[in-house]
Structures are given as C-alpha cells and as structure tokens.
Peer 1: 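This is the structure I want to talk about, given as structure tokens.
For this chain, numbers begin at 1 and follow the sequence in order. Note that this is a predicted model, so its numbers are computed, not measured.
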Amino acid sequence: MENCNQVFDVIVIGAGVMGSATAYQTAKRGLKTLLLEQFEFLHHRGSSHGESTAIRAFYSKDYYCSMVLESSRLWEEAEAEIGYMVYFKTNHLDIGPPDCNFFQTTIDSCRKNSIPVRVLDRNEVVEEFSGNFQLPEGWIGVVTPYGGVIKANTAVAMFQTLGVQNGALLKDNTEVVCIKKDYGGGGDIVVSTSGGDRFRSRKCVITAGPWTRKLIETERGKALPIQPLETAAYYWKINEGHEEKFAIENGFPTFDSHGEPRVYGTPAMEFPGLIKIVIDGGGACEPDERTWAAAEPGLLDTMREWVKGRFGGLVDGDEPVIMHSCICSMTPDGDYVIDYLGGEFAEDVVVAGGFSRHGFKMAPLVGQVAAELVSGGMAKGVDLSHFSIARFG
C-alpha cells in the first residue's frame, strides 16, 4: 500500500542505537523523520540490546580518541534533554605485557588528543585498585579517564523518546525489503516493506546492523564486506564479602586485557554481585540463522582460567551464572562504514554500519554525522575518509 499522503525528509532503516540516535538528530534539525524497525522496538536480535556496554578512549587509531571525547559530550547533552542518566563514568584500565605494540601506539594516540595517560607497574596496579587485579610478573597497567558504562537498552529507548519528542514518527514490525529511486516521481526514495507498505522520502539512512550487508547487496548488486559475528557476554559471581570492591561507585574500572586471550569487562552494576566479562572471539553467522549458543567449551575454559588468574579468590571462576548471546558486524580492518551509498542513489542514501564491536559508545556522534550528511552539510570534526566504502575496492 502506497503511503502517499506525505513525503518524509528522511527515512532511517533500523532502530538500534545508531538508527535511533540518527532519527533523534534529524528530527531535532526539523527534518520530517520516519524510523523503521523490522522487529519490535528494543528487541534482542541485533547488536544494541543488553544491560550495559563500555566506553573507553584508549585507541591505537588516534581519530577514534577524538570521536570518543565528542561522543562523551553528546551523551551528556542527550541526558540533559531527557532528564535521566544512561552514562556512568569511571576510569578505564588496560593490562598486558609491556612489549605489546598496542600499548605504545595507543599511548601516543591518547597524548596526541590530550587524554591523560598513567602507566603503572604490576605493584602500582595492585595498589591503585585495592588488590582487585592480579597481574602476571612483568605486566603493566595503563589508566585513562573517559571510561564508563552505558546502559544499552535504556540508551536506545532514550534516543527513541527524544526522537518522538522532536517530531519523529517511529514504526516497528516493519521489515524493509527494497529501496528504489523513483525517477518518475521527482527522484524520491521509495522504501518498500514485506507487508506491502511503501514510504517516500528525499533522503534515507541505512543503520540495519547485522542486516546491512544483505540490504545493501540487494540494492547495489555488490555486498559490503561486513560480516556478522555471533558471540556471548558472561556474568560471573563475585564471592561473598567482596561485592563492593567491584562496584562502579567505588572506582572499579572498565578494563581490557591484551595478549592471548583478549578479555574485556565492566564493573558490577546491572546485576548486584555479578561482573560482566567478555572474551574476544566468536563465529561468523547470518543474523537470521544464529545458534544462540554459549561459547565453545575450549573458549569457556580459557575464560575460567583468565578469571581465576586475574581475580583470584575474589570472583568465582568455576562457571558463569548468566550468558547473553550477542551479534556484531565486523569489517576487515575494524573501521566503521559511514558514507554515501553512491551509484544511482548518489548522496541521497547514507550507510552507517560495520561498527566492529566498538561502535555503541559512538552512537550520538554517528547519529549527528548521519544527520549532517542527509541535511546537505559536511560532517563536522570527523574525517570520514577512514570510513569510506571506496576503501574496499
């Protein structure tokens, strides 16, 4: 059915955190905005669900450091508009062997962006964090500000609410199957759904997460190298009497352990007495054909060994008590895709995807950039050459 009673300025496809932040930003600019989601809002089938996700500014690629600083400001701006918090600050701790090349390049990146960096030896890490972390002989720790936890589900809902407050229209259970240019209708973008609806707009933003590759391939005839990856997050029980040591309000940091395996995590927050720890791994998948299974036994054994080695008797490393299946969208180089789709769509369709496990924290900035691109402006303060489609050839 043709919804011809109105033509939108912009249609945003995908109502995860990126799409919701984009719809908020376009509506805030006075653009008539429609946000479409194929499932129910706040579903658990994409990459934006969950109780928490980390924010950090410790990046070896210096352009991400500056983006985190701006994103932090925009998180606070959105919080001020909505009237509640989704971003809870703490320090960020990276640990690993000192000969890891990552450390020196990342320290240089932080200093280039005026981000304070403190390098601690093994004993200083023990003292700084009250003995919570037990490091192998010779390991170091690097402490930076701009760490913290973002309440993921609450953040997505916040952007959707702000979008509605600014005039955006939101529709869930509306699967987009086709995007076409209507040359006989003034060059409008026509978005068709599996339910037979057709919506018109001047511009379109695709933020379809793990479904981005499939949707783009349908329209371009050529797939972007964005690979969905299925992984899992685990919550481990803090042993009785030690719970307060791991609380964010008591200064426990977000953390990242380098080497083999790479492990990262967040303070105890959403589930009292539990700490979230994730191992860097997973398997390629199609988003509609997931296993929803826990990690392979060998990977879980590696996690048990890491938990016992780094936290000793403070955390029960025998078995996680909660497992959340997750999916992310990886690019070959780990950089995002934020660009015009090109081809027949020229600069009328923007793609934002492939956030490679480190994008959620950037959502308010990605939304702002996408809104600037569809409103005829240039992205301010972000060098989009790093995120171009052309880099894939």
Peer 1: Just by distance, do the side chain of S109 and the backbone of S60 share a donor-acceptor pair under 3.5 Å?
Peer 2: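 Here the side-chain-to-backbone pair exists.
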Peer 1: For E77, look at atom CD and say whether over 12 heavy atoms of other residues, nucleotides or ligands are found less than 6.0 Å away.
Peer 2: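 More than 12 heavy atoms, drawn from other residues, nucleotides or ligands, come within 6.0 Å of this atom.
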Peer 1: Answer yes if I226 and L229 sit in the same cluster of Ile, Leu, Val, Met, Phe, Trp and Tyr residues linked by side chain heavy atoms under 4.5 Å apart, and no otherwise.
Peer 2: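 No: no chain of side-chain contacts under 4.5 Å links I226 to L229.
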Peer 1: Of all the heavy-atom pairs spanning L69 and N113, show the shortest one and how long it is.
Peer 2: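 Heavy-atom minimum between the residues: CD1-O, 3.9 Å.
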Peer 1: What do the steps show when you test R357 against C328 for side-chain contact (heavy atoms from CB on, under 4.5 Å), and what is the final call?
Peer 2: CA-CA 6 Å; R357 263 194 176 133; C328 52; 3.6 Å; yes
Peer 1: Taking the ring centre of each residue, are H358 and Y336 less than 6.0 Å apart?
Peer 2: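 Centroid separation for H358 and Y336: below 6.0 Å.
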Peer 1: Salt-bridged, E76 to K89, with N to O below 4.0 Å?
Peer 2: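 A salt bridge links E76 with K89.
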Peer 1: Kindly say whether D172 contributes a backbone atom to a donor-acceptor pair with the side chain of T174 at under 3.5 angstrom?
Peer 2: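 Yes; at least one donor-acceptor contact below 3.5 Å.
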Peer 1: Under the 3.5 angstrom rule, does the side chain of Y340 hit a backbone N or O of L373 as a donor-acceptor pair?
Peer 2: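 Between the backbone of L373 and the side chain of Y340 there is a qualifying donor-acceptor contact (under 3.5 Å).
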Peer 1: Which value, rounded to the nearest 0.5 Å, describes the distance between N91 atom CG and T144 atom OG1?
Peer 2: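 One gets 7.0 Å once the value is rounded to the nearest 0.5 Å.
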Peer 1: Tell me if a side-chain donor or acceptor on E230 pairs with a main-chain N or O of T291 at a distance below 3.5 Å.
Peer 2: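 A pair under 3.5 Å: yes.
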Peer 1: Taking the side chain as C-beta and beyond, is there a heavy-atom pair between I13 and I179 under 4.5 Å?
Peer 2: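 Contact flag for I13/I179 side chains = yes.
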Peer 1: Got a donor-acceptor contact below 3.5 angstrom from the E243 side chain to the G241 backbone?
Peer 2: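 Looks like yes, one N/O pair under 3.5 Å.
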Peer 1: Using a strict 4.0 Å threshold on nitrogen-to-oxygen distance, state whether D9 and R29 make a salt bridge.
Peer 2: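 Judged by the 4.0 Å cut-off on N to carboxylate O distance, D9 and R29 do not form a salt bridge.
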Peer 1: Which heavy-atom pair separates K276 from E270 by the least distance, and what is that distance?
Peer 2: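 In terms of heavy atoms, the two residues are closest at CD-OE2, 4.1 Å.
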Peer 1: Evaluate the ring planes of F129 and F133, with Trp represented by its six-membered ring, and classify them as parallel (under 30°), tilted (30 to 60°) or perpendicular (over 60°).
Peer 2: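 Perpendicular, since the angle between the ring planes exceeds 60°.
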Peer 1: Would you say the side chain of D188 lies within less than 4.5 Å of the side chain of R202, judging by non-hydrogen atoms?
Peer 2: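 The answer is yes, as the side chains (C-beta and beyond) meet within the 4.5 Å cut-off.
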Peer 1: What distance do S52 atom OG and H324 atom NE2 have between them, rounded to the nearest 0.5 Å?
Peer 2: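 These two atoms lie 9.5 Å from each other.
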Peer 1: Test side-chain hydrogen bond (donor to acceptor under 3.5 Å, both in side chains) on R310 and S257 and set out the steps.
Peer 2: CA-CA 10 Å; R310 298 293 79 77; S257 176; 5.7 Å; no
Peer 1: With the threshold set at 4.0 Å, does a side-chain nitrogen-carboxylate oxygen contact exist between K171 and D197?
Peer 2: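 Not counted as a salt bridge, because no side-chain N and carboxylate O are separated by less than 4.0 Å.
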Peer 1: Does the side chain of E51 come under 3.5 Å of the side chain of Y235 through a donor N or O and an acceptor N or O?
Peer 2: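 Side-chain D/A pair, E51 to Y235: absent.
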Peer 1: What pair of heavy atoms forms the shortest contact from T231 to I279, and how long is it?
Peer 2: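 Nearest heavy atoms, T231 then I279: OG1-O, 4.3 Å.
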Peer 1: Measure across Y146 and S72 and return the closest heavy-atom pair with its distance rounded to 0.1 Å.
Peer 2: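 Where Y146 meets S72 most closely, the heavy atoms are CD2-OG, 4.2 Å.
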Peer 1: Restricting to non-hydrogen atoms, name the atom on S20 and the atom on A15 that form the minimum distance, rounded to 0.1 Å.
Peer 2: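 Scanning both residues completely, I find the closest heavy atoms to be OG-O, 3.1 Å.
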Peer 1: Give a yes or no on this: more than 12 heavy atoms of other residues, nucleotides or ligands lie within 6.0 Å of atom CG of N101.
Peer 2: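 Incorrect, the count does not exceed 12.
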Peer 1: With a 4.5 Å limit on heavy-atom distance, are the side chains of S192 and R198 in contact?
Peer 2: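 Yes - at least one pair of side-chain heavy atoms lies under 4.5 Å apart.
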Peer 1: Kindly work out whether a path of hydrophobic side-chain contacts (I/L/V/M/F/W/Y, heavy atoms less than 4.5 Å apart) joins L170 to L42.
Peer 2: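 Yes.
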Peer 1: Within the 3.5 Å criterion, strictly below it, is a donor on T331 or D333 matched to an acceptor on the partner's side chain?
Peer 2: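 D333 and T331 do have a side-chain donor-acceptor pair below 3.5 Å.
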Peer 1: Any luck finding a side-chain donor-acceptor pair between H258 and D94 under 3.5 Å?
Peer 2: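 Note: H258 and D94 side chains meet the donor-acceptor criterion.
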Peer 1: Can a donor-acceptor pair be found, under 3.5 Å and without considering hydrogens, that links the side chain of E79 to the backbone of V86?
Peer 2: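 Here the side-chain-to-backbone pair exists.
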Peer 1: State plainly whether one hydrophobic cluster holds both L341 and V176, where clusters connect Ile, Leu, Val, Met, Phe, Trp and Tyr through side-chain heavy atoms under 4.5 angstrom apart.
Peer 2: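 In one cluster: yes.
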Peer 1: In terms of ring plane angle, is the pair W75 and Y87 parallel, tilted or perpendicular, where the classes change at 30° and 60°?
Peer 2: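 Geometry flag for Y87 against W75: tilted rings.
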Peer 1: What distance do T218 atom OG1 and K180 atom NZ have between them, rounded to the nearest 0.5 Å?
Peer 2: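 If I round to the nearest 0.5 Å, the distance is 8.5 Å.
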Peer 1: With distance as the sole test, does Q38 use its side chain to make a donor-acceptor pair with the main-chain N or O of G14 at under 3.5 Å?
Peer 2: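 A pair under 3.5 Å: no.
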Peer 1: Would D335 and R391 count as a salt bridge (Lys or Arg N to Asp or Glu O under 4.0 Å) if you check the C-alpha gap in whole Å, the side-chain angles of each, and the deciding distance to 0.1 Å?
Peer 2: CA-CA 10 Å; D335 281 329; R391 76 183 193 269; 5.1 Å; no
Peer 1: Is there side-chain contact between V10 and T33, with heavy atoms separated by less than 4.5 Å?
Peer 2: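 Yes, close enough: below the 4.5 Å cut-off.
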Peer 1: Linking I/L/V/M/F/W/Y whenever any side-chain heavy atoms sit under 4.5 Å apart, do V12 and F8 land together?
Peer 2: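 No, because V12 and F8 fall into different hydrophobic clusters, even though each may have its own neighbours under 4.5 Å.
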Peer 1: Between K181 and I189, is a side-chain contact (heavy atoms from CB on, under 4.5 Å) present by the stated rule, with each step listed?
Peer 2: CA-CA 5 Å; K181 190 92 165 173; I189 303 295; 3.9 Å; yes
Peer 1: Heavy atoms, side chains only, cut-off 4.5 Å: are E37 and N173 in contact?
Peer 2: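 Of all side-chain heavy-atom pairs linking N173 with E37, none is under 4.5 Å.
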Peer 1: Taking the six-membered ring for Trp, are F311 and W306 parallel (under 30°), tilted (30 to 60°) or perpendicular (over 60°)?
Peer 2: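 F311 and W306: perpendicular rings.
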Peer 1: Would you call R304 and E319 a salt bridge, taking side-chain N to carboxylate O under 4.0 Å as the test?
Peer 2: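 Yes, this pair counts.
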Peer 1: At what distance, to the nearest 0.5 angstrom, does CG of L120 lie from CG of L93?
Peer 2: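 Output value for this atom pair is 7.5 Å.
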Peer 1: Is it the case that T254 and R56 place a side-chain donor and acceptor less than 3.5 Å from each other?
Peer 2: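 No, because no side-chain N or O of T254 sits under 3.5 Å from a partner of the opposite role on R56.
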Peer 1: Quick one: do L365 and Y64 end up in the same hydrophobic cluster if we chain Ile, Leu, Val, Met, Phe, Trp and Tyr together by side-chain heavy atoms under 4.5 Å apart?
Peer 2: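 Yes; tracing contacts between hydrophobic side chains, which count when under 4.5 Å, links both residues.
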Peer 1: Test L314 against N239 for side-chain contact (heavy atoms from CB on, under 4.5 Å), laying out the working first.
Peer 2: CA-CA 5 Å; L314 303 180; N239 285 327; 5.7 Å; no
Peer 1: Give a yes or no answer on whether the side chain of Q227 reaches the backbone of C285 with a donor-acceptor pair at less than 3.5 Å.
Peer 2: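 At least one qualifying donor-acceptor pair exists.
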Peer 1: Aromatic rings H44 and H49: how do their planes relate, parallel, tilted or perpendicular, breaks at 30° and 60°?
Peer 2: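 Ring orientation, 0 to 90° scale: parallel.
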Peer 1: As an exercise, state the distance from CH2 of W236 to CG of L274, rounded to the nearest 0.5 Å.
Peer 2: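 Here the rounded value is 12.0 Å.
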Peer 1: With a 4.0 Å cut-off, would you call R213 and E217 a salt bridge?
Peer 2: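 Salt bridge between R213 and E217, a charged N being under 4.0 Å from a carboxylate O: no.
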Peer 1: When you compare the side chains of N123 and E127, does any donor N or O come within less than 3.5 Å of an acceptor on the partner?
Peer 2: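 Distance-only check fails for N123 and E127.
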Peer 1: Between E128 and R118, does at least one N-O distance fall below 4.0 Å, as a salt bridge requires?
Peer 2: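 Counted as a salt bridge, because a side-chain N and a carboxylate O are separated by less than 4.0 Å.
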Peer 1: Between CG of L34 and OG of S201, what distance do you get to the nearest 0.5 Å?
Peer 2: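 L34 CG to S201 OG: 8.0 Å, rounded to 0.5 Å.
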Peer 1: I'd like to check Y234 versus V321 (side-chain heavy atoms, cut-off strictly below 4.5 Å). Are they in contact?
Peer 2: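 They are not in side-chain contact.
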Peer 1: Determine whether a donor-acceptor pair (N or O, by modelled atom type, separation under 3.5 Å) exists between the side chain of T106 and the backbone of F103.
Peer 2: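 Looks like no, no N/O pair under 3.5 Å.
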Peer 1: Judged by atom type as modelled, is there a donor-acceptor pair below 3.5 Å linking the side chain of E244 to the main-chain atoms of N250?
Peer 2: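 Not a single qualifying donor-acceptor pair exists.
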Peer 1: Measure the acute angle between the ring planes of W211 and H43, then classify it against the limits of 30° and 60° as parallel, tilted or perpendicular.
Peer 2: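 Rings of W211 and H43: perpendicular, as their planes differ by over 60°.
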Peer 1: Nearest heavy-atom pair of C65 and C110: which atoms, and what distance?
Peer 2: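 Heavy-atom minimum between the residues: SG-N, 4.2 Å.
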Peer 1: For the NZ atom on K308, are there more than 12 heavy atoms of other groups (residues, nucleotides or ligands in this structure) within a distance under 6.0 Å?
Peer 2: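 Yes - once you tally the heavy atoms of other residues, nucleotides and ligands closer than 6.0 Å, there are more than 12.
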Peer 1: Do other residues, nucleotides or ligands put more than 12 heavy atoms under 6.0 Å from E40 CD?
Peer 2: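 Not more than 12 within 6.0 Å, no.
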Peer 1: Contact between I275 and F255 at the side-chain level, heavy atoms closer than 4.5 Å - yes or no?
Peer 2: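 Contact flag for I275/F255 side chains = yes.
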Peer 1: A quick test of your reading: do over 12 heavy atoms of other residues, nucleotides or ligands sit less than 6.0 Å from NZ of K151?
Peer 2: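 Not more than 12 within 6.0 Å, no.
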